[in-house]
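All of these numbers come straight from a predicted model, not from anything done at the bench. Just so it is clear: chains get the letters A, B, ... in the order the sequence lines come, proteins before strands, and each one is counted from 1. Just the heavy atoms: all of them, side chains too, but no hydrogens, waters or symmetry mates, feed the values below.
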There are 2 protein chains.
Amino acid sequence: MTEAENFSDCTVLHEDTVKAVQAQMPDEPQFYDLADLYKVFGDTTRIKILWALDIHEMCVCDLAVLLNVTKSAISHQLRILRQENLVKPRREGKEVFYSLADDHVRSIFEKGLEHINEL
Amino acid sequence: MTEAENFSDCTVLHEDTVKAVQAQMPDEPQFYDLADLYKVFGDTTRIKILWALDIHEMCVCDLAVLLNVTKSAISHQLRILRQENLVKPRREGKEVFYSLADDHVRSIFEKGLEHINEL
DNA sequence: ATAACAATTGAACAATTGTTCAACTGTTAT
DNA sequence: ATAACAGTTGAACAATTGTTCAATTGTTAT
């Protein structure tokens, strides 16, 4: 970021608008949290996992078969989903069944579908 | 993806569940479109742009100052946002003012915030 | 104890992404 | 016409990401 860029003619012209918007913007951490959440939805494997778990709880192995990737890949992605509090595990013997942590996932999906289906 | 992985003991056990879920899953393109949409929200610069435009329409130069990155970076990101039909441009002389294309952005944000504010 | 299987983890790798720089287009004013 | 500024574009680069492989942990049954 150069100084020249920071003080172009255009900016001086719209100084009031920029300052007003600046005052209404949330602080940095909020943006990072939001971005991290959406980043999770920005991968087809993870979207498929979430979609599947929304239909029925499943173990790692089943998800691997369903999505045609290794158990390892599924496990890595489930860790990310756990970290974002989107899924929760339930151990039953040797298997670990995963399900959605709450119904935010469903409503976030709905909003996304609304958008892409309107084009 | 190895064959061994595809036909583990576990899978045979839950064959019915997997098949039922498989039948209810949307087809591949739908997942790609969804992922592409969310990918857009998965970057702080883009989130900030969208948030800012939700408050007030702005030109490229103003956004650059507000977010403290180069006009080039803003322009690149705006192209992505245009491609996903999230923002629309309006030329006025030398400047191009951008605004939100519809109010999906706002409702998608709301769902995201609901989730992160509940932890 | 040991074998068998589900799941997790870390390292390595290729692929994708976001930024900047430099060159270019478009518009306005002199 | 030419200068000045807003915006766009493509190339290059560093950083991040998603996958697989190999090794490890956890659980159950023999």
Visitor: Specify the separation, in whole Å, of atom OH of Tyr32(A) and atom C1' of dG18(C).
Guide: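 Checked: the OH to C1' distance equals 12 Å.
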Visitor: Identify whether a stacking contact exists between His76(B) and dT9(D), where the ring centres must be under 5.5 Å apart and the planes under 30° apart.
Guide: yes
Visitor: With nearest nucleotides of DNA chain D determined for Arg46(A) and Arg91(B) from heavy-atom distances, which residue corresponds to the more 5′ nucleotide?
Guide: Arg91(B)
Visitor: It should be established whether Arg82(B) places a side-chain nitrogen or oxygen under 4.0 Å from OP1 or OP2 of nucleotide dT8(D).
Guide: yes
Visitor: Let's see if you get this right: which residues in residues 35-45 of chain A place a heavy atom under 4.0 Å from DNA chain D?
Guide: Lys39(A), Asp43(A), Thr45(A)
Visitor: Suppose we call two aromatic rings close when their centres sit under 6.0 Å apart. Are Phe41(B) and Phe109(B) close by that rule?
Guide: yes
Visitor: Using atom NZ of Lys71(B) as one end and atom P of dT25(C) as the other, report the distance to the nearest whole Å.
Guide: 16 Å
Visitor: Would you kindly check whether a donor in the side chain of Ser72(A) faces an acceptor in the base of dC21(D), or vice versa, at under 3.5 angstrom?
Guide: yes
Visitor: Can you tell me if Tyr98(A) touches the phosphate of dT8(C), counting only side-chain N or O atoms and a distance under 4.0 Å to OP1 or OP2?
Guide: yes
Visitor: Where the side chain of Cys59(B) is defined as all heavy atoms beyond and including C-beta, which of dG7(D), dA7(C), dT9(C) is the nearest nucleotide?
Guide: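 Output: dG7(D).
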Visitor: Looking only at the side chain of Lys94(A) (C-beta and beyond, no hydrogens), which of the listed nucleotides dG18(D), dT8(D), dA6(C) gets closest?
Guide: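 Selected nucleotide: dA6(C).
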Visitor: Please state whether the rings of Trp51(B) and Phe31(A) are parallel, tilted or perpendicular, taking 30° and 60° as the class boundaries.
Guide: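 Rings of Trp51(B) and Phe31(A): perpendicular, as their planes differ by over 60°.
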Visitor: Reckon Gln77(A) has a side-chain N or O less than 4.0 Å from the OP1 or OP2 of dT19(D)?
Guide: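 Yes, because at least one side-chain N or O of Gln77(A) sits under 4.0 Å from OP1 or OP2 of dT19(D).
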